[in-house]
Amino acid sequence: MVPVIAAGLIGFARFRYLPLNMRYLALLIGFVLPLNALGFVFMLQHRNNLFLMPVYAVGEFWLLALVYGRSLQSAAFTRMMPWLVAGFAAYALVDSLLARAELAYFRPGQQVIQSVLVLGFVGLYFRKVLQELRIEHLRREPMFWVSAGLFIYFAGYLQIALFSNYLLYYSDRLNMSIWAVHSLLFIVLYCCYCVALWLSPRK
């Protein structure tokens, strides 16, 4: 929770100075923060919190699509974005409705699709950077930190989503260790968000 709260505080303090793409990122953190807090409370009470995952995945994907739509400035991406978001939301809804009895179990389909799509966004951003070569200092570019954090997180999370249930058959302890790695990836992602929001230039 600490890096999420830190990113939320930075986003709130700097919101009026942020460009539009970073404002969408700040809104993403504002969306994620209460869901993480609720999930954390359920975890402390030893109650299942996996029913939150479809809401989390769809909201996060939608707001990241807005971040990249503004950053890429691509007419083709802008036209495609509503269809991607609507399609993913429809899939998440249908998947959740068909598996109502299994909402308390980890079902990786939504996470795998989200990971692949977000990694696609990241790939488009780095392709744009390499084609245009307009950025002199990548370390001072907020979207570089956002994209680097998302690449690290979702490249790792994709492997966890694919193999977590499989590893559970072998050892609960091994499975918990894998999810500890997920926590580390999550911390790295939100530290990158903190840097991006801190570096964003004033209007």
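Since the model is a prediction, treat every value here as computed from it, not as a measurement.
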Show the nearest heavy-atom pair for residues [X] and [Y], with the distance to one decimal.
X      : Y      : answer
Leu119 : Leu158 : CD1-CD2, 4.4 Å
Leu138 : Trp145 : O-NE1, 4.4 Å
Gln111 : Ala57  : NE2-CB, 4.4 Å
Phe31  : Glu60  : CE2-N, 3.8 Å
Ala161 : Pro108 : O-CB, 3.0 Å
Lys128 : Ser71  : CE-O, 3.6 Å

Heavy-atom distance under 4.5 Å between the side chains of [X] and [Y], does that happen here?
X      : Y      : value
Leu28  : Val67  : no
Met22  : Val146 : yes
Val58  : Gln110 : no
Arg14  : Leu197 : no
Arg139 : Leu199 : no

If I take atom [atom1] from residue [X] and atom [atom2] from residue [Y], how far apart are they, to the nearest 0.5 angstrom?
X      : Y      : atom1 : atom2 : result
Leu64  : Leu25  : CG    : CG    : 7.5 Å
Leu38  : Tyr56  : CG    : OH    : 12.5 Å
Met53  : Gln114 : CE    : CD    : 8.5 Å
Arg127 : Leu72  : CZ    : CG    : 10.0 Å
Leu33  : Leu9   : CG    : CG    : 8.5 Å
Tyr17  : Arg23  : OH    : CZ    : 11.0 Å

For atom CZ of Phe88, decide whether the heavy atoms of other residues, nucleotides or ligands shown that lie under 6.0 angstrom number more than 12.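 Above 12, so yes.
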
Return the orientation label for the Phe126 and Phe144 ring planes: parallel under 30°, perpendicular over 60°, tilted otherwise.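 Perpendicular.
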
Can you classify the ring geometry of Tyr157 versus His182 as parallel (below 30°), tilted (30 to 60°) or perpendicular (above 60°)?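 Tilted: the ring planes of Tyr157 and His182 meet at 30° to 60°.
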
Could you go through Ile10 and Ile29, starting from their C-alpha distance and side-chain angles, then the distance that decides it, and tell me whether this counts as side-chain contact (heavy atoms from CB on, under 4.5 Å)? CA-CA 10 Å; Ile10 294 171; Ile29 296 164; over 6 Å; no

Donor-acceptor pair, side chain of Asn36 and main chain of Val32, under 3.5 angstrom: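 Side chain of Asn36 to backbone of Val32: a pair is present.
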
Okay, side chain of Arg79, backbone of Ser74: is any donor-acceptor separation there less than 3.5 Å?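 No, the answer is negative, given that no donor and acceptor are paired below the 3.5 Å cut-off.
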
Are [X] and [Y] connected in the hydrophobic side-chain network, where two residues link if heavy atoms are under 4.5 Å apart?
X      : Y      : result
Met1   : Leu184 : no
Ile160 : Ile187 : no
Val41  : Val55  : no
Phe12  : Tyr24  : no

Could you walk me through whether Tyr190 and Phe186 pass ring pair (Phe, Tyr, Trp, His ring centres under 6.0 Å), step by step? CA-CA 6 Å; Tyr190 275 83; Phe186 187 82; 4.7 Å; yes

Trace of the side-chain contact (heavy atoms from CB on, under 4.5 Å) decision for Thr78 with Gln73: CA-CA 8 Å; Thr78 301; Gln73 296 290 308; over 6 Å; no

Applying side-chain contact (heavy atoms from CB on, under 4.5 Å), run through Leu189 and Ile152 and close with a yes or a no. CA-CA 7 Å; Leu189 173 61; Ile152 293 168; over 6 Å; no

CA sep, side-chain torsions, deciding dist, call: Phe61, Phe121, ring pair (Phe, Tyr, Trp, His ring centres under 6.0 Å): CA-CA 10 Å; Phe61 181 69; Phe121 294 170; 5.5 Å; yes

Stepwise side-chain contact (heavy atoms from CB on, under 4.5 Å) check, Tyr68 with Val122: CA-CA 8 Å; Tyr68 277 92; Val122 172; 3.6 Å; yes

